[in-house]
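Chain letters run A, B, ... following the sequence lines, proteins first, then strands; residues in each count from 1. Not measured: the values here are computed from a predicted model.
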Amino acid sequence: MMTVRTRFAPSPTGFLHIGGARTALYSWLYARRHHGSFILRIEDTDLERSTPEAVQAILEGLSWLGIDHDEGPFYQTKRLDRYRAVIDQLLEQGDAYRCYCAKERLEKLRADQTENNIKPRYDGRCREGGHQKDAQAPFVIRFRNPHEGLVEFDDLVRGKISTQNSELDDLVIMRSDGMPTYNLSVVVDDWDMQITHVIRGDDHINNTPRQINILNALDAPLPKYAHIPMILGEDGKRLSKRLGAASVLNYREEGYLPEALLNYFVRLGWSNGDQEIFSIKEMTDYFDMAHISKSPAAINPQKLQWLNQHYLKTLNPEKIIDLLKHQFELIGINNIDKSILAELISAQSERCKTLKEMVEKSQFIFKDFEEYDADAAAKNFAHESIVVLQSLYNSFETLENWTKEALHQIVLDYAEHNNVKLGKVAQPLRVALSGCSVSPPIDMTLHMMGKEKVLNRIKRAIQYIEAR
RNA sequence: GCUCCCUUCGUCUAGUGGUUAGGACGUCGCCCUCUCACGGCGCAAACAGGGGUUCGAGUCCCCUAGGGAGCACCA
């Protein structure tokens, strides 16, 4: 049986966005599923728009997601000789020809065709030769597409797709500057790299028949094709900068985990029955073409957040400690003890969707807050609270073993001995510690904050209440 | 405009001729509770429309509508 070889072939004209990442994931999963190879290829023949920064961003994005390649990255600009050789071969065979048509003429042609409501296409003026003005004149090379018959292929996700050759025109395969065009270079690369399964966005469906014709002219084997649907923004429209077309690396900054993103992407256009949660292992075990959906999918940030929280809650804390530490450093909080970070994760993961949110909701533990939340203070800082706070202060001050259990007991005991509900004790204390009415369980908060800060904040709260 | 493609709850989807059309996110309600959450339980919510084929259609065929992509010396 033939070994599966898939590829991801981005053009480095921007960062790795959601659509590209999902295409890469599907291609990668398919290769992994079949114990094949995944090849990375950079399609940089557009000299104007390609940048090394973009290459870097794409590589970093893939690596962050954990999508590793077995071969490459190959750069098309390093394979120009090869494309030239293939073009020469096509020329020699008579499957390609030089075209001297001026851009102006072609533009006019297109304009006329559009006006007459016919599909714009090259009219084949140079197809039979004889229009060459002089040998020095600039020219492009066009592929001589068959006029007759139809091209048919069996798409792994869409089924049979067929196109009449009469719908296709003679496409440019080499620009006047000598650079090959996309349709030529993909064909040559996929052929040379022995790609067995071309998995790409469905915006390429219309290119496929042209590429098949070139492959046939070259007497090259045809790969199988799988065209996956586009990803839409939340609004159901094309992805825009604001709604999700951002780099996947932005998600890292926003405190998302690669596990969550991968899980989200894999379910966006593919399914395995009712299963929602997938480990990498499960993805690579179950991924198949048969269950890729045909219609485009809109992104749903809430579901991504839900998944992110799921992984925040269930992943081994060891895996997220460093990421959390990094997020704290971004807002200038350094040197948090590792054991405290671990405790923080267990306390906050069930109330935060992202690492960034976790940091925002936890910073009060390490850094003094500016002022009390007005509502929280009004509601929980009654004058009687002073007694409560003072009593707790005394207990905490004399506590030697600053353990969660001991702290819990102190709060509990106070409520019990004074015959008040726990809420009447915990809430004023919570506001004193955090400045607002929301925090992790009071014993954990006390423990993570540490004795010194706890005492200071209670003192501060008492003074605040007295001053009112 | 032409060609190709797509169409199940708000969203992601299950479904391959016989289902009370299932799950998940989100929403809403209830329970749990020291706050916020987590968790548990529950409600509402969909086969784009119209024709066929068939004993029977979300599933097959046709038409209409809506959406998308392509029609470059971009990829």
Side-chain angles (χ1 to χ4, degrees), chain A residues 9-13 43-46 48-50 76 99 101 103 106-107 110 113-122 138-142 155 158-159 161-164 166-169 171-177 179-183 185-186 201-209 227 229-230 232 234 236-238 264 267-277 290-291 293-307 309 313 347-352 361 376 380 408 411-412 415 421-427 429-431 434 436-443 445:
Chain A
S11 69
T13 53
E43 308 213 326
D44 54 355
T45 53
D46 183 352
E48 307 260 309
R49 301 194 302 152
S50 300
Q76 292 191 320
C99 170
C101 293
K103 268 189 186 165
L106 297 175
E107 272 161 26
R110 224 179 342 260
Q113 287 166 328
T114 307
E115 188 154 334
N116 291 313
N117 287 339
I118 57 173
K119 190 174 179 173
R121 71 244 275 194
Y122 180 60
F139 63 88
V140 299
I141 292 174
R142 289 182 185 273
D155 192 282
R158 308 305 253 271
I161 295 177
S162 61
T163 311
Q164 295 289 339
S166 54
E167 290 298 329
L168 273 23
D169 65 354
L171 71 157
V172 172
I173 55 176
M174 192 189 85
R175 297 187 262 239
S176 53
D177 65 0
M179 290 296 275
T181 58
Y182 165 75
N183 279 300
S185 53
V186 250
D202 68 5
D203 47 331
H204 288 292
I205 286 185
N206 292 295
N207 284 321
T208 308
H227 288 99
M230 300 194 24
L232 272 21
E234 293 173 65
K237 301 230 178 67
R238 212 192 166 101
Y264 182 68
R267 279 290 285 110
L268 196 63
W270 175 79
S271 61
N272 181 48
D274 284 339
Q275 188 172 355
E276 294 291 347
I277 304 295
H291 295 89
S293 64
K294 299 180 191 197
S295 47
I299 53 170
N300 181 190
Q302 277 95 4
K303 189 158 182 181
L304 206 210
Q305 292 189 337
W306 172 73
L307 280 166
Q309 180 169 37
K313 285 188 301 189
Q348 293 287 45
S349 61
E350 59 193 33
R351 45 203 112 226
C352 300
K361 287 187 172 165
N380 298 292
H408 183 69
V411 177
L412 223 51
K421 279 184 156 180
L422 199 50
K424 289 284 175 201
V425 188
Q427 272 314 84
L429 179 56
R430 173 168 283 117
V431 178
S434 73
C436 65
S437 57
V438 176
S439 90
I442 205 70
D443 52 347
T445 305

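- Under the Watson-Crick and G-U wobble criteria, each requiring two contacts below 3.5 Å, nucleotide B:C71 is paired to B:G1.
- Side-chain N or O atoms of A:N207 include none that pairs as donor or acceptor with a backbone N or O of A:N183 at under 3.5 Å.
- Atoms CG (A:N116) and C1' (B:G1) sit 10 Å apart, rounded to a whole Å.
- Heavy atoms of A:R158 sit under 4.0 angstrom from primed sugar atoms or phosphate atoms, though from no base atom.
- At a threshold of 4.0 angstrom between heavy atoms, the contacts of A:T45 are confined to the sugar-phosphate backbone, with no base atom among them.
- At least one donor-acceptor pair closer than 3.5 Å links the side chain of A:T445 to the backbone N or O of A:P440.
- If you check every strand for non-hydrogen atoms under 4.0 Å, A:R49 touches a base.
- Counting heavy atoms from C-beta outward, A:R430 and A:N380 have side chains that stay 4.5 Å or more apart.
- At least one donor-acceptor pair closer than 3.5 Å links the side chain of A:S185 to the backbone N or O of A:Y182.
- Across the P atoms, B:U59 and B:C6 are found 15 Å apart, a figure rounded to whole Å.
- Distances were taken from every side-chain heavy atom of A:N206 (C-beta onward) to each of B:U3, B:A72, B:C6; the shortest belongs to B:U3.
- Pairing of B:U19, defined by two Watson-Crick or G-U wobble distances under 3.5 Å, is not identified with any nucleotide.
- Looking at A:T13, its side chain never comes within 3.5 Å of a backbone N or O of A:R49 through a donor-acceptor pair.
- A:I277 and A:Q275 make their closest contact through O-NE2, 2.8 Å (heavy atoms, listed as atom of the first residue, atom of the second, distance).
- Among the heavy atoms of the strands lying under 4.0 Å from A:V172 are primed sugar atoms or P, OP1, OP2 only; no base atom is included.
- Of all nucleotides listed (B:U13, B:C73, B:C71), B:C71 comes nearest to the side chain of A:K119.
- Rounding to whole angstrom units, CE of residue A:M179 and C1' of B:C73 are separated by 12 Å.
- The side chain of A:T181 places no N or O atom within less than 4.0 Å of a non-bridging phosphate oxygen (OP1 or OP2) of B:A75.
- No side-chain donor-acceptor contact under 3.5 Å links A:R110 and A:Q113.
- Remark: A:S293 is in phosphate contact with B:U13, judged by side-chain N or O atoms under 4.0 Å from OP1 or OP2.
- In this structure, B:C38 forms no base pair with any nucleotide, since neither Watson-Crick nor G-U wobble geometry is met with both distances under 3.5 Å.
- Spacing between B:A65 and B:C25 at atom C1', rounded to whole Å, works out to 30 Å.
- Among the atoms of the strands shown, base atoms are found under 4.0 Å from some heavy atom of A:E276.
- Pairing partner, B:G26: none, since no Watson-Crick or wobble contact has both distances short of 3.5 Å.
- B:C5 and B:A44 have their P atoms separated by 40 Å, given to the nearest Å.
- If you take NZ of A:K237 and P of B:G66, they are 16 Å apart, rounded to a whole angstrom.
- Closest to the side chain of A:R142, out of B:C73, B:U13, B:C71, is B:C73.
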Scan nucleotides 39-41 of chain B against the protein and return all N/O pairs shorter than 3.5 Å with their distances rounded to 0.1 Å.
unit_1	atom_1	unit_2	atom_2	d
B:G39	OP1	A:K313	NZ	3.0

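- Taking 3.5 Å as the limit, the base of B:C73 and the side chain of A:S176 contain a donor-acceptor pair of atoms between them.
- When the C1' atom is compared between B:U3 and B:G22, the two are found 38 Å apart, to the nearest whole Å.
- Within 4.0 Å (heavy atoms only), A:S434 reaches no atom of the nucleic acid at all.
- Proximity note for A:H204 (side chain, C-beta onward) versus B:A75, B:C6, B:C12: the nearest is B:A75.
- Proximity of A:R110 to the phosphate of B:A72: a side-chain N or O atom is located under 4.0 Å from OP1 or OP2.
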Report summary line: B/S/- along nucleotides 31-36 of chain B (protein heavy atoms under 4.0 Å) is ---BBB
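- Searching all strands for a Watson-Crick or G-U wobble partner of B:U53 with both distances below 3.5 Å returns nothing.
- In terms of heavy atoms, A:P209 sits closest to A:T163 at CG-OG1, 3.4 Å.
- For B:C6, the base is anti relative to its sugar; the glycosidic angle deviates from 0 by more than 90°.
- Pair assignment for B:U7 gives B:A65, based on Watson-Crick or G-U wobble hydrogen-bonding distances that are each under 3.5 Å.
- Taking the C1' atoms as reference points, B:U19 lies 12 Å from B:A14, given to the whole Å.
- Rounded to whole angstrom, the span from the CG atom of A:D274 across to the C1' atom of B:G23 amounts to 4 Å.
- With respect to A:H227, the side-chain contact (heavy atoms from CB on, under 4.5 Å) criterion is satisfied by exactly one of A:D202, A:N206, A:D203: A:D202.
- Rounded to an integer number of Å, the gap from A:N207 CG to B:C5 P is 15 Å.
- Residue A:S271 places at least one side-chain N or O closer than 4.0 Å to OP1 or OP2 of B:A14.
- Side-chain atoms of A:K303 lie closest to B:A24 of the nucleotides B:A75, B:C73, B:A24.
- Residues that satisfy the ring pair (Phe, Tyr, Trp, His ring centres under 6.0 Å) test with A:Y122, not counting sequence neighbours, are absent from this structure.
- Distance A:R267 CZ to B:G26 P: 14 Å, rounded to the nearest Å.
- Nearest-nucleotide positions on RNA chain B place A:H291 closer to the 5' end than the other of A:H291 and A:D203.
- For the C1' atom pair drawn from B:U27 and B:C12, the interatomic distance equals 16 Å after rounding to whole Å.
- Considering every non-hydrogen atom in both A:D44 and A:Q76, the closest pair reads OD1-N, 3.2 Å.
- Taking the nucleotide of RNA chain B with the nearest heavy atom to each of A:P10 and A:D169, the more 5' of the two is matched to A:D169.
- Between the OH atom of A:Y182 and the P atom of B:G70 there is a distance of 11 Å, given to the nearest Å.
- Inter-residue side-chain proximity for A:I161 and A:I205 is flagged as met; some heavy-atom pair is nearer than 4.5 Å.
- B:C73 and B:G67 are spaced 29 Å apart, taking the P atom of each and rounding to whole Å.
- Rounded to an integer number of Å, the gap from CD of A:Q164 to C1' of B:U3 is 11 Å.
- Using a 4.5 Å cut-off on side-chain heavy atoms (C-beta onward), A:V172 and A:C99 make no contact.
- Closest to the side chain of A:K103, out of B:A75, B:U7, B:C73, is B:C73.
- Across all strands shown, A:M230 has heavy atoms under 4.0 Å from sugar-phosphate atoms exclusively, and none from any base.
- When Watson-Crick and G-U wobble pairs are counted only if both distances are under 3.5 Å, B:U33 pairs with no nucleotide at all.
- Within the nucleic acid shown, A:G269 comes within 4.0 Å of sugar-phosphate atoms alone, with no base atom in reach, counting heavy atoms only.
- Between A:T181 and A:T45 the shortest side-chain heavy-atom distance does not fall below 4.5 Å.
- For B:A48 and B:U54, the P atoms lie 23 Å apart once the distance is rounded to whole Å.
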